[in-house]
Number of protein chains: 2
Amino acid sequence: MKPLILLVEDDAQIRRFLRAALEAEDYRLHECQTVADAIAQAAARQPELVLLDLGLPDGDGLDVIRSIRESSQIPILILSARERERDKIAALDLGADDYVAKPFAIGELLARIRAALRRAAVVAQDGAGTSIRFGRVEVDLEKRVIRVDGDEVHLTPNEYKLLQVLIRHAGKVLTHRQLLQEVWGPNQTEQAQYLRVYIAQLRKKLEREPARPRYLHTEPGVGYRLVTED
Amino acid sequence: MKPLILLVEDDAQIRRFLRAALEAEDYRLHECQTVADAIAQAAARQPELVLLDLGLPDGDGLDVIRSIRESSQIPILILSARERERDKIAALDLGADDYVAKPFAIGELLARIRAALRRAAVVAQDGAGTSIRFGRVEVDLEKRVIRVDGDEVHLTPNEYKLLQVLIRHAGKVLTHRQLLQEVWGPNQTEQAQYLRVYIAQLRKKLEREPARPRYLHTEPGVGYRLVTED
DNA sequence: CGAAATCTTTACAACTTCTTGACGCCTGGG
DNA sequence: CCCAGGCGTCAAGAAGTTGTAAAGATTTCG
């Protein structure tokens, strides 16, 4: 799901324009117009990024930065008509991530939003590895670690490559040729015996009953298929 | 100690101006003027931030971004006379953190540098909890002290760097290439024998039975992995 | 400058993985 | 029933990797 952006902007026209642009990129959006509301919504909705206009009617937009930074490191992009250098410096030193002057080019703004979200993602993903489960098998593609019933299982390079290809196309039938091509390269596409040997090894390591596989299905005459659901 | 900044700029006048401003803020500084040099210096000196002019004489400044992003997340600030929106978007989407158009206000630039360094510090400290334990081994990353069963153990600089990289990605399989790149730099990525020697030395110093390692696991054909739990 | 520490390189033994061939099973068709 | 073809299994030897010790080369530091 696309990130949630909190848009803080009192000018209805700009708000409409930004809403259109951001929704075209599939971002989820929440809008508000006052300092008080911005502070409340930032805390309540936990957005992944804040787009903040500094010229708000009920107070100093810098207070929004201060408030958010007390408890969170999410990216804050300032969007402001104030062009004075010392306004920019103040906002950045309070913890804003970027400062875009109005009028702005929408493509550049979107690129700056992407850059800010990308940086934030690096921080967030450090713990959350991309990992895939089917039945009792757990594959952590980030760490390159496989667990079966919670116990680590060691795979050789070719076994792992083969499993990776099957996972990448989980559910689909892959022909002998496709599998050989991806694991052994384009010169070995006739060696279907490799597949028999390595599929057998994977089954021995991953399946409870290798002779009656639940995950690594044979499609006779065609190839193999990884089944990740019942 | 203040952060090291790599300044990539071919115009001598701007370079002099920036040098003065940055040194007034006590940043350490290294300067270079070409794409090739920038890529080499970024890898060799491990700066904390890169200030990059895109209009270099010997090639495309975007290549510098690409090269750095292959192995590192350090902040990259673009400094450019190219004002076209699509140049900005290209640079930001390649992984640049910020884009400042020339001519720039020095105060704003310095604020943007502070903002980028502040963010990077948040990321860095996430991995660098001051002290890490696994089994009987205790590593104090702040003091650079290693204890095994409470006794201090001396590591050489390369041994320590290697251990640091493994700790930073604890649990994850790191390929020979990744390890060599981070410890010996980008020109030594074929010398897997270095790794064998240094892993052996680390095992001799950290493991109870170096021949049957509990922490420093080998993933044959792939690389090594630090296991911090049972 | 000289000694000590560290890094790099070499050689070889030990080990893991890959490749290959043999063989048996199953299925479906003759 | 018997056979052919595809598949699964096993295991031996080949090929390639890794661990280890130790000798030279280089750097560091007093």
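Convention: sequence-line order gives letters A, B, ...; per-chain numbering from 1. The structure displayed is predicted, hence computed values, not measured ones.
- Regarding N158(B), its CG atom lies at a distance of 13 Å from the P atom of dT27(D), rounded to whole Å.
- With axes fitted over five pairs at each extremity, the angle between the ends of the helix from dC1(C)-dG30(D) to dG30(C)-dC1(D) is 20° (10° resolution).
- OP1 or OP2 of dC18(C) sits under 4.0 Å from a side-chain N or O of T156(A).
- Rounded to an integer number of Å, the gap from R212(B) CZ to dT20(D) P is 12 Å.
- Around the CZ atom of R66(A), the shell of radius 6.0 Å holds more than 12 heavy atoms that belong to other residues, nucleotides or ligands.
- Partner of I74(A) under the side-chain contact (heavy atoms from CB on, under 4.5 Å) criterion, out of D97(A), L49(A), L117(A), V50(A): V50(A) alone.
- Using bins of under 30°, 30° to 60° and over 60° for the plane-to-plane angle, the ring pair F134(A)/Y215(A) lands in the perpendicular bin.
- OP1 or OP2 of dT6(C) sits under 4.0 Å from a side-chain N or O of H154(B).
- Evaluation of the side chain to side chain donor-acceptor pair (under 3.5 Å) rule for R133(A) yields no partner, not counting sequence neighbours.
- Judged purely by distance below 3.5 Å, without hydrogens or angles, the side chains of R147(B) and S131(B) never pair a donor atom with an acceptor atom.
- No more than 12 heavy atoms of other residues, nucleotides or ligands shown are found within 6.0 angstrom of CD on Q13(B).
- In this structure, the nucleotide among dT9(D), dG8(D), dC7(C) sitting nearest to the side chain of T218(A) is dG8(D).
- Applying the side-chain contact (heavy atoms from CB on, under 4.5 Å) test between E9(B) and each of R16(B), R19(B), R15(B) identifies R15(B) as the sole match.
- Of the residues in residues 173-206 of chain A, those placing a heavy atom less than 4.0 Å from an atom of DNA chain D are H176(A), Q193(A), R196(A), V197(A), A200(A), R203(A), K204(A), in numerical order.
- Each of E159(B) and G221(B) has a nearest nucleotide on DNA chain C; the 5'-most of these lies closest to E159(B).
- Under the 30°/60° scheme for interplanar angles, the aromatic rings of W184(A) and Y198(A) are found to stand perpendicular.
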